[in-house]
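To start, the structure itself, in structure tokens.
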Amino acid sequence: MIPLSWYVLVSAALFCIGLFGVLARRNAVAILMAVELMLNAVNVNLVAFWRYGEPQAMAGQVFALIVFTVAAAEAAVGLALFIAIYRSRDTVAVEEIDLMKG
Amino acid sequence: MREFFFDLTWLIPVFPLLAFAFIVLWANPNRKLSTWAAWAGIGLSWLLGWTIFFLSWGDIHHLTPPEANHPVPLWALPAGSGMLEVGFQVDTLTALMLFMVPFVCLMIFIYSKGYMGYGTEQVDPHYSRFFAYISLFACGMLGLVVSDSLLTLFIFWEIMGLCSYLLIGFWFEKRYPDPERITPKEAGLKAFLTTRVGDVIMLLGILLLFSQVGSLSFVDLFSHDTLHMLAEKTVTLPVLGTMPVATLAALLLFGGAMGKSAQFPLHVWLPDAMEGPTPVSALIHAATMVSAGVYLVARSFPLFAAVHGGTQLAVVAFIGAFTALFASTIAVAQNDIKRGLAYSTISQLGYMIAALGVGAYIAAVFHLITHAFFKALLFLGSGSVIHGVEHGHHEVAHGHDDHGEEAFDANDMMNMGGLWSKMPRTAWTFLIGGGALAGIVPLAGFWSKDEILAHAWHGFQHGHDLGTFWPFFVWLLLTLAALLTAFYTARQVCLTFAGRPRTEAAGHAHESPPSMTWPLMILAFFAATLGLFGTPWANQFHHLIGEAFEATPFDPFVAGLSTALAVGGAAVGWLVYGRKPLAAGDVDPVKRWLGPVHTVLENKYYVDELYRAVFIRPVIWLAHVFFKFDNRWVIDPIVNAVGRAGVSLAKGMGWFDLVVVDGLVNLAGRAGATVSSLSDVVDLRFVDRIVDGVGDLVRAGGRFLRPIQTGRVQNYLLVAVLFTAITLLGLYVMLPVL
Amino acid sequence: MTYAVFILFTLMALCGGVLVVTQRNLVRAATALVLSLFGVAGLYVLLEAGFLAAVQVLVYIGAIAILIIFAIMLTRRMVQGDESGLNRQWGWALVSAVVMFALFCYVVVKAWPLALGAVSAPAVPADSTEALGLALLDWEQYVLPFEIASVLLLSAMVGAVVIAREKHDS
Amino acid sequence: MNGFDISNLFLSIGQVWTEWLLQLGLSAGWVSFVNKLAGAVLVTAFAVGTVVFTIVGERKLIGRIQDRLGPNRVGPFGLLQTVPDVLKLLTKEIITPANADKVLYSIAPMLAVASVILIWGVVPFANGVMGVDLDIGALYFVAVSSFGTLAILLAGWSSNNKYALVSAFRVVAQLISYEVPLVLSLLVPVLLAGTMSMNGIVQAQAQGWFVILAPISMLIFFISSTAEVGRSPFDLLEADSEIVAGYNIEYSGMRFAMFFLGEWIHAFTICGLTATLFFGGWRGPFVDQVPALGVIYFLVKMFAIYFVHIWIRTTMPRLRIDHLLDFNWKFLVPLSLVNLIVMSLAARLTGMPRADAALGELLPYWGVLLGVNVVLAAVTLYVLGVVGSRIRRRQEAAREPEPAVTGP
């Protein structure tokens, strides 16, 4: 079997890729996609620890499922927001959405 | 039948909650329906509450602890490792609160209809919303009273916090010409944030208890074994040293009570809460919010008493007594009728807290109940007065248009006077409420206050857990406060009602509508008679709250002294303000006598100003400083500075050229003119430059600081991530754990 | 064999991820997201969480990816700009991501051995999907989070409709 | 080695094949790998090979229904017509539009075919004869078919053609919408069988085909799967009179053929699934004694359902997009939700019968489920009638007040 650490490393890599995307992308939708990557990285961790920890208890899978749900809700609301912002400001570039600028 | 009603206790907070939901979701556009929904909600709660109270009165021995503390679980939901248990319980304290809270709330609700101008031209645009909010507020308080664990208590506690924010800031669009004066919006925010400070401390206490006991239900927490364990176990803190867990937990819980019950360091929100509509003030100050703090301390009193002679009781006693005196001195110098009452509330809460501190549990709860009635009465009465004066003002303003809408403060007692004949019902009831507050025999306030003083005196005479100093301290401060209370109450009554009207508005005031005066009269009845249940000779109250607590013996010295002080204070008040009432434009005689001291009192000992200087300014300053990070805003100013230096240098060279070289050349030819031109140059090149330089500096500073808020989420996030990374890195490097 | 499959799926997940955050063209980025998420689904299969793998494909590729592509196309003018897909602070972002990754690696390597072979884990019960379903609906276990999640989803749906709906009045 | 058992033909062939490989000297790991590969190739070959015949069959059938002959030139009765067609498509130039997103443009057709063929991995031909008996087979089917949606969206977008994009939007709206009732009706067999494994579902139908126990679910599944495939009356995705040729307008040659292929395979794949889920799959007389018969039963059922599909395709007019979505969201989705709840309650009520239950025990089970379905159908029809007449009345009321034209 593949050692647990490999999965965790893959997950860490995926997480950091997503992190980079969240910090560096200009487009809001792209940021949302990067967030999805991060959530998936978390899920990989959850499932991996479930598998190597205690497969009889379903905690890992349950949490992964809840992350799915949250991700779906987040995507729906996020995209709706972007479309609303796009309608009013004609852009989804995050740098240009700076109503809070001092 | 008893069980049947007891099992329905959980419905008490649900009725107002349903009313809230109904108004918000369906009845919002319909004022009449909203009013009736709110009344129905609180009315049902009142009926059920009194049913339970009188059932337990008749059946008292079934309710005395510990049997009474059987919580009734409603739901148990799985939450992580444990179960989230939601339930309710009825014991004597709860039953007492159920006697007071829904009834006073009902009176306030009925009063609100008239106050918010139902059916008149001046009806509030958010009339329905107001009823929704106060329903939710009542739900919060009732839920807090019936809850069986600290967790549910905290939830309802926070609901009340939210409602206080919403209601204090109810007239959120209101602005005042004076920018220094606090607006309702800011007052709401202030109340919310100040109580939040206490709430955080309280949450810490709850977490501490949970970590130690593993449960938050009162039965588990206050069982003999748990209390013993908590008192035995000690904890060491960095600054405070070693203390029993029970002491620490009690102190932390007391932090929450300090916030909600407006005790000394956290009292600042309460006077400003007067910006809300008057029924809200009554609700907050009498029936619900501030009582919640005292209720919390009373509810967790076993915890406070777990360690004999511990610091926690001393702290409680000190804070309470100090607050009582402190606030009553301020109240003497307030001209705003509601603010005066607000400080009186703080002072009276101090009484209760101090009473709990010296162990006068029964007296404290008794005072909580009586105070709720007469303070609600006073607030509603003041609201009625303000309402009348405002209407008088409107009438005057409409009468002749040239009067204009200049700033007119209907709350200012200096604008009143002579309302006795205009508003007789309000005046009578206000007088009864004032008498109860001042402690005049045989009104309610006398008995409860006297019991507190007697208990403290008894502790001083016969020894106490805390030794003899603290009881004496409490007794002394509270007695002084009693004198001041009588004085400022008399002052308020005289300024408001006696003499002749000092303004045209007061002259045109009318009695308020019956929906406002009826609650006043009912409350006045209770304010007058309620004390008779707690007389030292036939202490029904003591009987009700439980024989477990030691009764306070009647002490003729204390009773006589406090009666003398009350009558004396009132008499002095009458002598100063009542015998020869102030005319329009007169200066307050006390102000003349006290001079600068009065100014300090009028400004509430400058506590607000102190907080602004110590807490608010540095926080804002820190927030500004922390964002120098972004490279653009660091590098840009550097580049600019270099550029500006270059320009300055060039200008300096030019100056050198102009002044030195030219000056040397021209020196010979124009010796006579040189002196005058030199002085001119000095003026232009030095003085002007310095002035300009200061200006530039300020502008550059402004430009430097302004864009620290980029408004970009990613930017903030980057800083956060970088900071996290650095912190983690530091942790790994420094901690040899990993 | 298992290693080959693992490496294949890992490469899919990570390369897809890199493409997601670097592709300027957003539709391509979304396609790369599908690839990456499919790789993650493959990892689930390797971890014997078949149900999750299927749900991953269903939810992410069948729903979220398509939703994202829809959103991209509805805000299309943005997609075809000539400017870079990254903002000015991307250098710092890269640094912090790399630092975080290094930290993670450090911790992981310290905590669990990287060595191949001699790895054992308890066997997955045969009816793990059924166990998952029972755990979700078990009063003693996760029924509350499950219900809350469904309420969240419902409210998110309603909220999304309300936010994104064009206002026809006035 | 056991004797070659003709009654369990396919398993026997598999055994012989495996032993032969082992005798060749391959290690067990490689044998399993080769076996899996061979299985995959076989299943794919079956799917693709069947298309060759179904195309001809369908065209001839359509010809019959439309009162013409259909293809009849190549081979006996025109049976080989597909061969020159395929050759023609293969030899055509593959055109890629200049502004297309080339990578996505070339990925899309492959994805379209792959998504359909992947479904065959879990379809049981006979008892145990299937690609892989996943314990989440039904979910796998739903998951994999979502790739098809993605493929269409990508094809429409990457072509950089506005008609293609509009078509892709339409298709995706349609596919996503109809996926909801599809999945909800799919859940009923899963519920009744107590497993998501396809083979398990077929085995559970020993107690009665689900078409008898849950006819409403079958109808919903049938309707929404027709929509998923995009055939008449749901063939909006290539309504050529409205949006030229749909999302694949820019495609030519083999790439176009792949979309075509994918669609065609999808058509009878769905029929195979319907047969598996509701018509007892490989179940039939004597199948317990001679498992190999299952393949025949399965194919017969599949093609019978396919025949109904073609029949509908040739006789029903096309729907308008708003009607189509209305029909889904306002009728199919609520109905399938109610159906799911009612069926789960009914199944809970009766309990699952034992595997060896006698007919006397089974009859109440059937009776309750069928009765529930009939009641539900009656209620649905009644509600439809009431709502329909109300709508009609409103429409008439709206039409009525035309002002009378007064003469000059």
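By convention in this document, chain letters (A, B, ...) are assigned in the order of the sequence lines, proteins followed by strands, and residues within each chain are numbered from 1. The analysis underlying the following values was restricted to heavy atoms, covering all of them including side chains, and did not include hydrogens, waters or symmetry mates.
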If you count the non-hydrogen atoms of other residues, nucleotides and ligands that lie under 6.0 Å from [atom1] in [X], is the total more than 12?
{"X": "D/Lys36", "atom1": "NZ", "answer": "no"}
{"X": "C/Phe38", "atom1": "CZ", "answer": "no"}
{"X": "C/Glu130", "atom1": "CD", "answer": "no"}
{"X": "D/Trp120", "atom1": "CH2", "answer": "yes"}

What's the separation between atom [atom1] in [X] and atom [atom2] in [Y], rounded to the nearest 0.5 Å?
{"X": "D/Leu154", "Y": "C/Thr31", "atom1": "CG", "atom2": "OG1", "answer": "4.5 Å"}
{"X": "D/Leu104", "Y": "C/Arg28", "atom1": "CG", "atom2": "CZ", "answer": "5.5 Å"}
{"X": "C/Ile66", "Y": "D/Thr149", "atom1": "CD1", "atom2": "OG1", "answer": "4.5 Å"}

Please classify the contact between [X] and chain C as side chain, backbone, both or neither, with a heavy-atom cut-off of under 4.5 Å.
{"X": "D/Ile176", "answer": "side chain"}
{"X": "D/Phe147", "answer": "side chain"}
{"X": "D/Val142", "answer": "both"}
{"X": "D/Val183", "answer": "neither"}

side-chain hydrogen bond (donor to acceptor under 3.5 Å, both in side chains): pairs with one or both residues in residues 130-147 of chain D, sequence neighbours excluded:
D/Asp133-D/Ser197
Just to be sure I understand the criterion: a residue of residues 50-63 of chain C counts if one of its heavy atoms is under 4.5 Å from a heavy atom of chain D. Which ones qualify?
C/Gly50, C/Phe51, C/Ala54, C/Val55, C/Val57, C/Leu58, C/Ile61, C/Gly62
Check against side chain to side chain contact (heavy atoms under 4.5 Å, CB included), C/Val27 and D/Asp101:
CA-CA 10 Å; C/Val27 177; D/Asp101 190 326; 5.5 Å; no
For D/Trp329, which residues count as a ring pair (Phe, Tyr, Trp, His ring centres under 6.0 Å) partner, sequence neighbours excluded?
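Here no residue qualifies.
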Using the ring pair (Phe, Tyr, Trp, His ring centres under 6.0 Å) criterion, which residues pair with D/Tyr105? Sequence neighbours excluded.
D/Tyr251
Considering only heavy atoms and a distance below 4.5 Å, find which of D/Ala168, D/Ser158, D/Gly148, D/Ala143 pairs most often with chain C.
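Looking at each of D/Ala168, D/Ser158, D/Gly148, D/Ala143 in turn, D/Ala143 comes out on top.
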